[in-house]
*Asks:* 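My questions will all concern the structure given below.
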4 protein chains.
Amino acid sequence: MSDLFWPGDERAGGLMSGPALLAAMVRVEAAWLSALVEAGVAPAAAKDDLADLVDPVGPDDVEAIATGAESGGNPVIGLVGLLRSRVEGRNPDAARWLHRGLTSQDVLDTGLLLCVRDAVEVVRGELTAQVGRLADLADGHAGTLMAARTLTQHAVPLTFGLKAAGWLGGVLDAYDAVTALRWPAQLGGAAGTRAAWVELAAGLDDPGQVADDLAVGVADRLGLAATDPWHTNRAHVTRIGDALVGCTDAWGRIANDVLVLSRPEIGELSEGAGGGSSTMPHKANPVLSTLVRRAALTAPQLGATLHLAATESVDERADGGWHAEWAPLRDLARRTAVAASQTTALLDGLEVHADRMRATHDAALDDLRAEQRGMADLAGRAPAHHYLGTTSRIVDAALARARTHLQENR
Amino acid sequence: MSDLFWPGDERAGGLMSGPALLAAMVRVEAAWLSALVEAGVAPAAAKDDLADLVDPVGPDDVEAIATGAESGGNPVIGLVGLLRSRVEGRNPDAARWLHRGLTSQDVLDTGLLLCVRDAVEVVRGELTAQVGRLADLADGHAGTLMAARTLTQHAVPLTFGLKAAGWLGGVLDAYDAVTALRWPAQLGGAAGTRAAWVELAAGLDDPGQVADDLAVGVADRLGLAATDPWHTNRAHVTRIGDALVGCTDAWGRIANDVLVLSRPEIGELSEGAGGGSSTMPHKANPVLSTLVRRAALTAPQLGATLHLAATESVDERADGGWHAEWAPLRDLARRTAVAASQTTALLDGLEVHADRMRATHDAALDDLRAEQRGMADLAGRAPAHHYLGTTSRIVDAALARARTHLQENR
Amino acid sequence: MSDLFWPGDERAGGLMSGPALLAAMVRVEAAWLSALVEAGVAPAAAKDDLADLVDPVGPDDVEAIATGAESGGNPVIGLVGLLRSRVEGRNPDAARWLHRGLTSQDVLDTGLLLCVRDAVEVVRGELTAQVGRLADLADGHAGTLMAARTLTQHAVPLTFGLKAAGWLGGVLDAYDAVTALRWPAQLGGAAGTRAAWVELAAGLDDPGQVADDLAVGVADRLGLAATDPWHTNRAHVTRIGDALVGCTDAWGRIANDVLVLSRPEIGELSEGAGGGSSTMPHKANPVLSTLVRRAALTAPQLGATLHLAATESVDERADGGWHAEWAPLRDLARRTAVAASQTTALLDGLEVHADRMRATHDAALDDLRAEQRGMADLAGRAPAHHYLGTTSRIVDAALARARTHLQENR
Amino acid sequence: MSDLFWPGDERAGGLMSGPALLAAMVRVEAAWLSALVEAGVAPAAAKDDLADLVDPVGPDDVEAIATGAESGGNPVIGLVGLLRSRVEGRNPDAARWLHRGLTSQDVLDTGLLLCVRDAVEVVRGELTAQVGRLADLADGHAGTLMAARTLTQHAVPLTFGLKAAGWLGGVLDAYDAVTALRWPAQLGGAAGTRAAWVELAAGLDDPGQVADDLAVGVADRLGLAATDPWHTNRAHVTRIGDALVGCTDAWGRIANDVLVLSRPEIGELSEGAGGGSSTMPHKANPVLSTLVRRAALTAPQLGATLHLAATESVDERADGGWHAEWAPLRDLARRTAVAASQTTALLDGLEVHADRMRATHDAALDDLRAEQRGMADLAGRAPAHHYLGTTSRIVDAALARARTHLQENR
């Protein structure tokens, strides 16, 4: 997987790819069939793990199902047809019972969440790696003097450790948000009533309980939470989107700082290995920062599209709102995974030029201490030797939070 | 307050208005001055509650400060100047110590959060009112048969109680999200180091501790949480934005359902009092739903703007990213408060035409039961009398959640 | 008019304000009544210019109409009621004939376009002023050497004249786009059929022709183009939005360049009068650039909202799509007018530090000429003395385009 | 090409695909090399059409270049390396001269525009097909009575011909906008100065003229317009984006009308061949409308991203703004091409149920004529037999515009 239009895309591997979605949807169908059999709704003979029926790696099945998706508006109908025709030979009972009681949205929503969760797990791992690296930067540069800048102009003294601690805080907040996400299966049948389930279980004791058990059984098999249907309540999806955008927000801020501070006239930071140019041999461009910034510029609009889709969730299945979720969610999750990896690489290779920081700080000292002089005057004392306030304590607090995080994620 | 371009705006009263922001910023300055005095940083003579210095109700002060805001890029500089000049006569010490140690962003960020919190409290109240009304609808119509619709077409049987329970779930989710918001003061001084605070406290024991105490003191006075500075970590702001958009998502879905179901050909719902027309005397338009839907169509882009602003938070104070937050946050909070109230009114007045629901259900029964016939055939049994699955249990679960909510919010 | 949340808002004066919209809507009603009389549809006695009936300047009428707007979903119903009640005493025939044949959307759409056109005219004036200033900069600095920067790093030699010519090209493109806008009246009656017009004209010869004449008559009176109804074809609105966003795009690029080049370490540009700080006495912030950048960061999402509203234009009047246009269009137009004025001020005061440009250029010369050495080597010649390519010719072409523009807009 | 996440994607074929972009970039490189030779800058021996060096169809080269794109931030560096290494054997002079004088942005911008133009041409063809079909609908149903609906409620009488004429107007407007697009080559060298060109031409008469000729020569070879560099003036790109969003706006409106009018309770329209369900055998879903609506819901945010990228075009090549354009432009162009084709199919198959229209019209006649009664009363006459105003004339005007269009596009 790679994308000529999105350099670095290969970092996301197969996450949220067509093959990944196809495989996830087959997992959903398999979990459902298995639950039907276990519950005694389907006969034991229908037991089939649906393995090897579809090839999610080769392009053919993905292509066939994708191409057939338009006629029903989604790819599930074609997938079910394919599974049914291929399992027929080895297990006609499985062919009969496959997908019975589900609707397309059950399979697609639940499959999508499985895929997104994989992407989020990768993102969480990268965030934890970043926490470690940022804690090192904050700690190692707790005393590295530099100029703070507000509205682009020199403000007061700062340490690079505090700046790194600020980045760290953003990364930890992003981590907390993705970690708080819930991962419920979406299972409701044609319109969220689970009517088909009760009908199929009519011959058993307490068909309603059987239906509830089916929901739990499928969710358990997939490692998801069992909940009541959320086919038209898309807050689960928008929360994921918001959390992912929260990640690119945090990384974009780091990237923007790096881009400013690695300008040659400033020279306080540089990417370890800059990117080359097709025509200028001397160039060492801050490519990773550039590409992370790119992701951060495009993510908010994808998140907004998910919210818009959510509110357009009319009836018991929306006439476009639902369909508008899939590609934006894919793009957002995939790009977040790419940016996660790029940010880790950026931080790993980041070179801190403490000497340039100090030189600029010293040269600008008169301006940087202007506020201090006013304060000292007000307090009726000579200006103190330092003007760093509680910088150390703030850095220490960030480091303590990072340590707790790292211990919990060891 | 009202807005010719946003019908219903007056429902938000003074929330997030210029006067409200002005008053909130004065509260921040007063809390800071009070904390300075209490900590012994400023002399006791500087004690002043800054009351009656600025008139946030009349237009003059708001206008003067707003008009002066461009020269410094924000309204705080002018506010401080005004306060200082007016307090000078009655309390020259207060004039001297006012604002010392703060930066514009401290005052504006903290003041904005105070204002937004007020709006969120109003929204929470409306959400709770909606929970009560929706629980009644879900309960009262647990047996009201209607046709479920997917991709606009008849699907399977449904009850209006289940539809209302679905709306209820969305409203409860929105409530949980706004309730989880944190409200921290933003206090960091010129660049988040609190250097001026330590400088001002240089004559006291442990100036660093004094600085920490100042942060706590101000936050306590304002009923906010004390945290380390978040001047460039805007996740607090984006979380608020996301939660507010989550509200309009939930209400927009309700409005969209009402708009569909109150079409004359469907006629299953109607707004209690429809809106008139300037030319057609017979009209009873679903005006509240229309206006709620309007809010839901515009909110996601405002939320996206807040995320964009967050990621552009470069340096120790951004060169535009910060400034891009204020109006979108105002618009989003205010419109959410309006839509909250409109949704409550919509639900309060909503008329459910159970007879039309039933008639359409019965007329479409052959289609609505098509799935059932397939399931019964598969199960080898005659179709059951009902085809509502676990609808009752799902409604009951939603009602239980609502009851818990209402007890906690009594 | 000013806005505490949008510093500089007062630069837009009353453009797109509530009073402006109210006055514009009264103009539309007056033009319609006048056309009805002239066409012989309404009796001569109904002639009334509706002057002095409503006070758009004082807050009372705006407030009353705004507050009443929710019940009908828009402010026109209340306006018509107010006009009718107030004109009744002096002219009962006018009261009878007022608004007859129009629908709310006719009045609001046409009134809005009148207001937006005023804003666009102001914007055009500012763009022309900017063209003059940018032409001076491009011309005056055609030989001012500086370093080109790509991906933040030094690239090859540049002149500031070429950079200014690039800004100029953007401004001229923006001007062309707003100038190409069309300003049609929107007049269709209840559902775009003009049925009421024909009915009212039933006693005249050729009522259909009378109806067409009425459309022309109203458009002429308002200085708008007469077209067939576009009540559900909102391309006129989205084109305006796109053109306005095109303006902020162009200005935001200038602002972004100024923000980079006025960083103290670069120091190649500075705003003439920087903005102060509430706590740091030495500060001279690039405030105008910051505020222009702010506008550019928020405008695209407003434009997107207009497109979204356009596509949701269902039926013969949309159930929210239409209503979602008004405030975003107001915000976009008003902010564009503010940013227009701020950009002019920014350019007027811009200080070009040619010495710093040259010094950085010279210090980086080895890098800036790296590409040249490769080219010279390839060509088998010694590197030329200059490495500026066709810079002069490109600047000249931009200046020629500017001259043509300025002659046409003298 | 197909996309599991975007049903119908295969309708766009290879438009804006990785292979298409790769092939387009090779065309740009070939045109440049050819122009260099023709101008006498490069030796005649360097003549090479670069044919068969890269395989844009097979996945290997695309994958290799895409995977290598991160290190330089864009795919051009890898492409040039690949071309150079492969042409070396057969033509070492071509290997030496290849790409000399260009920069990555020249190749990527120009290549992207070639690809987008292909997509736009397809879109234009579909729009013309739609014009024909819509003209037939407007003409054929000029007398088909139906109820107009405003804010979802019955308003006054309408004809379906007028509704179709309204759709037609939107489609023609969209056509005009895409037809007005300009397609300029973007050629400027490292920073838009064309310095390398002049350096390479130093041995020829008038190197500046040679440089200008090179720009013309490349543009001519590619069928693009020759212009001065627009590397940081992205209005060409945003104009394309706006025009494409204008298309989905127009189609989305049609789709929304179809979705409403094909609800079973209304039944006035239906898609010729509805889409099936994975569980409900009776279903005939309006799938094409649903998928077109999906595109219309997501396009505005993509257009906004292009504007945002444009305004972030800092320096002589932006640090992320440029990179943020590629994928959104690809997605927007591709989805527009898909929606174009789906809309044509939707219109081709659309079934108009004139009887249902008439029945609803007749049943609602009392309401639909309520306005008329008021007008007749005002005019002092009995209500006329019809209440359709100038409907016929408006339809005729739309048809005339369509005929002109079709004659010009025959």
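What you see is a predicted model; the values in this text were computed from it and never measured.
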*Asks:* Going through the distances and angles, do C:Arg149 and C:Glu268 end up as a salt bridge (charged side-chain N to carboxylate O under 4.0 Å, His left out)?
*Replies:* CA-CA 13 Å; C:Arg149 296 167 175 96; C:Glu268 301 185 358; 2.8 Å; yes

*Asks:* Is chain C contacted by the side chain of D:Glu312, its backbone, both, or neither, given a heavy-atom distance below 4.5 Å?
*Replies:*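 Both backbone and side chain.
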
*Asks:* Are side-chain heavy atoms of C:Arg369 and C:Pro157 found at a separation under 4.5 Å?
*Replies:*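 C:Arg369 vs C:Pro157: side chains touch.
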
*Asks:* Look at the side chain of C:Thr298 and the backbone N and O of C:Ala295, then say whether any donor-acceptor pair between them is shorter than 3.5 Å.
*Replies:*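 Yes; judged by distance alone, with no hydrogens or angles, the pair exists.
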
*Asks:* Using non-hydrogen atoms only, which part of D:Arg96 is less than 4.5 Å away from chain C: side chain, backbone, both, or neither?
*Replies:*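 Looking at D:Arg96, backbone and side chain both touch chain C.
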
*Asks:* Under 4.5 Å from any heavy atom of chain D, what part of C:Arg194 do you find: side chain, backbone, both or neither?
*Replies:*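 Backbone plus side chain of C:Arg194, per the 4.5 Å heavy-atom cut-off to chain D.
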
*Asks:* Is it the side chain or the backbone of D:Val260 that comes within 4.5 Å of chain C heavy atoms, both, or neither?
*Replies:*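 Contact with chain C is through the side chain of D:Val260 alone.
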
*Asks:* For a salt bridge (charged side-chain N to carboxylate O under 4.0 Å, His left out) check, start with the C-alpha distance between D:Glu199 and C:Arg381, then their side-chain angles and the critical distance, and finish with the verdict.
*Replies:* CA-CA 9 Å; D:Glu199 188 78 21; C:Arg381 307 175 59 93; over 6 Å; no

*Asks:* Any ring-ring contact (aromatic ring centres under 6.0 Å, His included) pairs touching residues 232-254 of chain C, not counting sequence neighbours?
*Replies:*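 Those involving residues 232-254 of chain C are C:Trp230-C:His236.
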
*Asks:* Heavy-atom distance under 4.5 Å to chain C: side chain of D:Leu388, backbone, both or neither?
*Replies:*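 Interface part for D:Leu388: backbone (N, CA, C, O).
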
*Asks:* Select one option (side chain, backbone, both, neither) describing which atoms of D:Glu371 are under 4.5 Å from chain C's heavy atoms.
*Replies:*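 For D:Glu371, side-chain heavy atoms alone lie under 4.5 Å from chain C.
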
*Asks:* Can you check whether D:Val245 reaches D:Asp249 side chain to side chain, under 4.5 Å on heavy atoms?
*Replies:*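 Answer yes - side chains close enough.
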
*Asks:* Which bit of D:Pro229 comes within less than 4.5 Å of chain C, counting heavy atoms only: side chain, backbone, both or neither?
*Replies:*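 Contact with chain C is through the side chain of D:Pro229 alone.
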
*Asks:* I need the contact set between residues 166-178 of chain D and chain C: heavy-atom distance under 4.5 Å, sorted by residue number.
*Replies:*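 The list, in residue order, reads D:Gly169, D:Gly170, D:Asp173.
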
*Asks:* Chain C heavy atoms under 4.5 Å from D:Ser392: which part of the residue, side chain, backbone, both or neither?
*Replies:*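 Contact with chain C: none, neither part.
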
*Asks:* By the ring-ring contact (aromatic ring centres under 6.0 Å, His included) test, which pairs, at least two apart or in different chains, include something from residues 371-398 of chain D?
*Replies:*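 ring-ring contact (aromatic ring centres under 6.0 Å, His included) check on residues 371-398 of chain D returns no pairs.
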
*Asks:* Could you tell me which portion of D:Thr238 (side chain, backbone, both or neither) has an atom closer than 4.5 angstrom to a non-hydrogen atom of chain C?
*Replies:*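 The answer is the side chain of D:Thr238.
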
*Asks:* Taking side chain as everything from C-beta outward and backbone as N, CA, C, O, which of these in D:Ala382 sits under 4.5 Å from a heavy atom of chain C? Side chain, backbone, both or neither.
*Replies:*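 Backbone of D:Ala382 only, per the 4.5 Å heavy-atom cut-off to chain C.
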
*Asks:* Give, for atom CG of C:Leu261 and atom CG of C:Asn256, the distance between the pair rounded to the nearest 0.5 Å.
*Replies:*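 Between atom CG of C:Leu261 and atom CG of C:Asn256 there are 10.5 Å.
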
*Asks:* Measure C:Thr159 against the heavy atoms of chain D and call it side chain, backbone, both or neither at under 4.5 Å.
*Replies:*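 No part of C:Thr159 comes within 4.5 Å of chain D.
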
*Asks:* Who passes ring-ring contact (aromatic ring centres under 6.0 Å, His included) against D:His323, sequence neighbours left out?
*Replies:*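 Checked D:His323 against ring-ring contact (aromatic ring centres under 6.0 Å, His included); matches are D:Trp326.
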
*Asks:* Tell me, side chain or backbone of D:Arg234 under 4.5 Å from chain C's heavy atoms, or both, or neither?
*Replies:*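 Neither part, no heavy atoms under 4.5 Å.
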
*Asks:* Under 4.5 Å heavy-atom distance to chain C, tell me which part of D:Ala235 shows up: side chain, backbone, both or neither.
*Replies:*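 For D:Ala235, the contact with chain C is made by the side chain alone.
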
*Asks:* What part of D:Ala384 gets within 4.5 angstrom of chain C, counting heavy atoms only: side chain, backbone, both, or neither?
*Replies:*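 For D:Ala384, backbone and side chain are both near chain C.
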
*Asks:* Checking D:Asp257 side chain against C:Asp315 main chain: does a donor-acceptor pair fall under 3.5 Å?
*Replies:*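 Confirmed, D:Asp257 side chain pairs with C:Asp315 backbone.
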
*Asks:* For the pair D:Arg317 (side chain) and D:Trp322 (backbone), establish whether a donor and an acceptor sit closer than 3.5 Å, ignoring hydrogens and angles.
*Replies:*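 No, because the side chain of D:Arg317 does not come within donor-acceptor range (under 3.5 Å) of the backbone of D:Trp322.
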
*Asks:* Side chain from CB out, backbone as N, CA, C, O: work out which of these in D:Asp228 comes under 4.5 Å of a heavy atom of chain C, or both, or neither.
*Replies:*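 Contact with chain C: side chain only.
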
